There are 2 protein chains.
Amino acid sequence: MNKTDVFSDDLQAIARFAKALSHPARLAILKYLSECKSCISGNIADYLPLSRSTVSQHLTELKEMELIQGSIDGLKINYCVNSDKLKYYTQLLNSYLEKLQVEVNCKI
Amino acid sequence: MNKTDVFSDDLQAIARFAKALSHPARLAILKYLSECKSCISGNIADYLPLSRSTVSQHLTELKEMELIQGSIDGLKINYCVNSDKLKYYTQLLNSYLEKLQVEVNCKI
DNA sequence: AAATATATTCGTATTTTTACGACATACGAA
DNA sequence: TTCGTATGTCGTAAAAATACGAATATATTT
């Protein structure tokens, strides 16, 4: 049923980025990590009203998009926003959104 | 199972916007409408590799977020990007993304 | 080595998304 | 009014997302 391959690479990349941002929990995780109160997974789970396994799953999705990175620090894992990737996708999305604005010309 | 209400209104609004943008077909529809080759639903379905009912469903989702508007013109319906709403959500999203960038300070 | 702490993966259930064909509706033309 | 055209809705099916507890893996401490 997956016919999405037909669409351009750019649109697919933007869609994947948007999908990564399409859940409040993931937005909250990114915000939390960027504020860097603590980059430890367990603390995120304490902060959010979600179980550890669920948070871990959201972290995995963000990792797959490379929006965050994790580095092992003894028992714990320090997560960190990957600002390069974030910048890249943000630009991609914004250039798409800006074009939408510019070309809106069929006022009814 | 829906625990998303716990998150702030802003995060929820951004997540809904991102969700609307999270499918290549909807991105393609918005792009198509903004270029205004034709704002007729049927033409969109011809342009995209999707059935009319599927396109109609995507249009409904975009309508529910008020990212597009439709006005009846005889038999046909003219769809149009709602640039005010688009601008509003774009700003909301960008202010969120910018804050992420600024506050990234826990380099490993 | 055993106990403890942290984090991920597995199995599972529920919900949502995606997609389509068939049907229904509404308008305009013959 | 009947026919064709444009569009949306319904029913349904398959896939993906969401969520959790239990089990597992790994590292630290005792």
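To find a chain, count down the sequence lines: A is the first, B the second, and so on, and within it residues start at 1. In this text, all values refer to a predicted model and were calculated from it rather than measured experimentally.
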D:dA17 phosphate, OP1 or OP2, under 4.0 Å from A:K19 side-chain N/O:
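A:K19 to D:dA17 OP1/OP2: side-chain N or O found under 4.0 Å.
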C:dC20 phosphate, OP1 or OP2, under 4.0 Å from B:S51 side-chain N/O
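Affirmative; the distance criterion is met.
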Spacing between [X] atom [atom1] and [N] atom [atom2], to the nearest angstrom:
| X | N | atom1 | atom2 | value |
| --- | --- | --- | --- | --- |
| A:I44 | C:dA7 | CD1 | P | 9 Å |
| A:R26 | D:dA16 | CZ | P | 15 Å |
| A:I68 | C:dT8 | CD1 | C1' | 13 Å |
| B:L48 | C:dC20 | CG | C1' | 15 Å |
| A:Q57 | C:dA13 | CD | P | 16 Å |
| B:E64 | C:dT16 | CD | P | 13 Å |
| B:H58 | C:dT16 | NE2 | P | 18 Å |
| A:D73 | D:dA27 | CG | P | 13 Å |

Checking all strands, does A:E61 fall into the base, sugar-phosphate, or nothing category for heavy-atom contacts under 4.0 angstrom?
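A:E61: backbone/sugar contact only, no base atoms under 4.0 Å.
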So, using side-chain hydrogen bond (donor to acceptor under 3.5 Å, both in side chains) as the criterion, who are the partners of B:E61 when residues are at least two apart?
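If we apply the side-chain hydrogen bond (donor to acceptor under 3.5 Å, both in side chains) test to B:E61, skipping adjacent residues, the hits are B:R26.
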Polar-atom pairs under 3.5 Å, protein N or O versus N or O of nucleotides 3-8 of chain D: list them with distances, or write none.
from  : atom 1 : to    : atom 2 : distance (Å)
D:dT7 : OP1    : B:I77 : N      : 3.4
D:dT7 : OP2    : B:G42 : N      : 2.8
D:dG8 : OP1    : B:Y79 : OH     : 2.2
D:dG8 : OP2    : B:S41 : OG     : 3.4
D:dG8 : OP2    : B:S56 : OG     : 3.4

Taking side chain to side chain contact (heavy atoms under 4.5 Å, CB included) as the definition, give me every residue that meets it alongside B:L59, ordered by chain and number, with sequence neighbours left out.
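For B:L59 the side chain to side chain contact (heavy atoms under 4.5 Å, CB included) partners, ignoring immediate neighbours, are B:I29, B:S41, B:I44, B:V55, B:I68, B:Y79.
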With sequence neighbours excluded, what pairs up with A:N94 under the side chain to side chain contact (heavy atoms under 4.5 Å, CB included) test?
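Residues passing side chain to side chain contact (heavy atoms under 4.5 Å, CB included) with A:N94: A:T90, A:L97, A:E98, B:T90, B:N94.
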Before accepting this row, confirm whether a basic side-chain N of the pair A:D46/A:R52 lies closer than 4.0 Å to the acidic partner's carboxylate O.
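Counted as a salt bridge, because a side-chain N and a carboxylate O are separated by less than 4.0 Å.
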Pairing check on C:dA30: which nucleotide meets the Watson-Crick or G-U wobble criteria with it, both distances under 3.5 Å?
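C:dA30 is paired with D:dT1.
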I need the full list of salt bridge (Lys or Arg N to Asp or Glu O under 4.0 Å) pairs touching residues 82-97 of chain B, with sequence neighbours left out, sorted by first then second residue.
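Applying salt bridge (Lys or Arg N to Asp or Glu O under 4.0 Å) to every pair that reaches into residues 82-97 of chain B, excluding sequence neighbours, yields B:E66-B:K85.
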Distance alone, cut at 3.5 Å: any donor-acceptor contact between the side chains of B:S56 and B:S53?
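Not at all, the side chains of B:S56 and B:S53 share no donor-acceptor pair under 3.5 Å.
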Nearest nucleotide by nearest heavy atom, which residue falls closer to the 5' end of DNA chain C, B:S22 or B:G74?
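This one resolves to B:S22.
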State which residues pass ring-ring contact (aromatic ring centres under 6.0 Å, His included) with A:Y89; sequence neighbours excluded, sorted by chain then number.
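Scan of A:Y89 (ring-ring contact (aromatic ring centres under 6.0 Å, His included), adjacent residues dropped) gives A:F17.
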